[in-house]
Amino acid sequence: MPITNSFQFLQGVEGQYIPYSGDSLIINTKNRYPQVLSHLATNAPTHGSALQKKSKLTYGQGFDMDTLPNNVVEFLMNCNDKDNANDILCKAAYDLVTFGGVSLKVHWTYSREIHSIEHVPFKNVRLGIPDETTKEIDYYVISNDWEKKMDLKLRKEYRVNKFNPEMIEEPEIIDNEAVASDQTLDNACQMLYYTSYSVGSDGYYPVVDYCHCLDSAFNEIHTGVAMNNSISNGLNGTYIISSANTMLDEIEQQKVIDMFDANIAGAANAGSIVYLNDEIKVDKLESVQADTYKEVCSETR
């Protein structure tokens with residue numbers, strides 16, 4: 001589960017943030033817990049399919065535009081330059097069932113009206129440190145590359161204040177022009193951050209409702225990779241190749257390995273026969289038997 005502890009800085013972004021750190025059931029993580037959940041949703045077949053189905057049920061049929069006033073419908077059909085309200089709802093539903101939360105970026109006009117709404121991937125958002133007086137979170141730090149895998153030019157990292165319409169003030173009219181205050185300018189863009197309740201949460205980051213099945217999801221990935229490698233390699237287990245009485249240099253050793261790879265390994269070579277002279281010795285290290293997975297978890301397919 002995510003565990004909040006110390007504070008950290010993101011280079012180039014003002015203010016500290018609370019790392020989304022913690023230990024999943026078998027893999028230690030550091031400020032990348034939601035990235036691990038995203039990895040599971042992408043790579044675990046059963047788990048990923050369940051999340052897709054659940055997100056569709058959460059989305060339902062979308063907003064019923066026929067029951068809403070025309071001015072509301074006009075806004076919902078053009079929430080931003082790319083998405084309408086149903087597009088945003090679809091993304092938010094997927095985030096909610098995958099991460100236990102939703103984050104939306106809201107842009108205001110000087111007249112205190114919402115100009116646009118856009119979805120921000122929940123896995124990209126980190127909480128700012130609580131206010132010393134109110135103990136409330138009043139800003140968020142966003143990055144699309146917490147794992148530091150992208151080129152600097154591809155990273156999108158910034159800070160956004162929390163959603164609070166009271167921070168948008170009426171503009172001052174100077175020379176027949178509306179002039180916004182510094183407070184309004186600082187809050188022209190705000191973050192609406194929602195998390196679902198969980199008894200396992202410490203009050204900051206959410207704990208997903210499928211937390212108890214993380215081991216099974218990881219196991220499904222690892223089992224699938226192991227089985228796929230066994231098929232791709234065409235060999236059951238690991239083999240040690242040695243020369244009985246002759247010392248072979250690295251080039252000759254590699255030739256023997258390449259011969260095995262070309263003539264024995266791979267699904268197409270299953271059941272093939274190869275000749276070795278008596279100078280080459282092959283010892284097999286026994287692999288984990290497939291039945292072991294069934295004994296450990298009866299749900300393994």
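Keep in mind it's a predicted model, so treat the numbers as computed, not measured.
Donor-acceptor pairing under 3.5 Å is lacking for the side chains of T46 and S49. Side-chain contact annotation: H119 with D95, donor-acceptor N/O pair under 3.5 Å present.
For D145 and K156, the salt-bridge test fails: no basic side-chain N is under 4.0 Å from an acidic carboxylate O. With respect to the salt-bridge test (charged N to carboxylate O, under 4.0 angstrom), the residues E147 and R155 do not qualify.
Annotation: E14, atom CD; neighbour count of heavy atoms from other residues, nucleotides and ligands within 6.0 Å does not exceed 12. Residue-environment remark: CG (D151) exceeds the threshold of 12 foreign heavy atoms within 6.0 Å. Heavy-atom contacts from other residues, nucleotides or ligands closer than 6.0 Å to CG of N71 number more than 12. Heavy atoms of other residues, nucleotides or ligands lying less than 6.0 angstrom from NE2 of H39 number more than 12. A 6.0 Å sphere centred on OH of Y110 holds no more than 12 heavy atoms belonging to other residues, nucleotides or ligands. Counted within 6.0 Å of NZ on K149, heavy atoms from surrounding residues, nucleotides or ligands total 12 or fewer; the atom is thus considered open. Other residues, nucleotides and ligands contribute at most 12 non-hydrogen atoms within 6.0 Å of the CD1 atom of I251.
Annotation: side chain of E220 is not in contact with side chain of N43 (no heavy-atom distance under 4.5 Å).
Counting only distance, with no hydrogens or angles, the side chain of N187 and the backbone of Q183 share a donor-acceptor pair below 3.5 Å. With hydrogens and angles disregarded, a donor-acceptor distance shorter than 3.5 Å links the side chain of Q190 to the backbone of N164. N124 places no side-chain N or O within 3.5 Å of a backbone atom of N144 that could act as its donor or acceptor partner. Between the side chain of R112 and the main chain of I168, a donor-acceptor pair closer than 3.5 Å is present. In this structure, S201 contributes its side chain and S198 its backbone to no donor-acceptor pair below 3.5 Å. Of the possible donor and acceptor atoms, one in the side chain of Q35 sits under 3.5 Å from a partner among the backbone N and O of K123. A distance-only check finds a donor-acceptor pair linking the side chain of N86 to the backbone of F63 [under 3.5 Å].
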Applying ring pair (Phe, Tyr, Trp, His ring centres under 6.0 Å), run through W146 and Y33 and close with a yes or a no.
CA-CA 10 Å; W146 290 106; Y33 188 82; over 10 Å; no
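For the pairing with K255, the side chain to side chain contact (heavy atoms under 4.5 Å, CB included) check across E252, M259, Q253 returns one residue only, E252. Residue Y20 is tested with Y204, Y205, F99 for a ring-ring contact (aromatic ring centres under 6.0 Å, His included); the sole match is Y205.
The cluster map of Ile, Leu, Val, Met, Phe, Trp and Tyr, joined by side-chain heavy atoms under 4.5 Å apart, puts L96 and V207 in different clusters. The hydrophobic cluster containing V106 also contains Y194, counting ILVMFWY residues as joined when their side-chain heavy atoms lie under 4.5 angstrom apart, directly or transitively. Under a hydrophobic clustering in which Ile, Leu, Val, Met, Phe, Trp and Tyr are joined whenever their side-chain heavy atoms come within less than 4.5 Å, directly or via other members, L185 and V179 fall into different clusters. With hydrophobic clusters built from ILVMFWY side chains whose heavy atoms lie under 4.5 angstrom apart, L104 does not share a cluster with V120.
A centroid separation of less than 6.0 Å is found between the aromatic rings of Y193 and F122.
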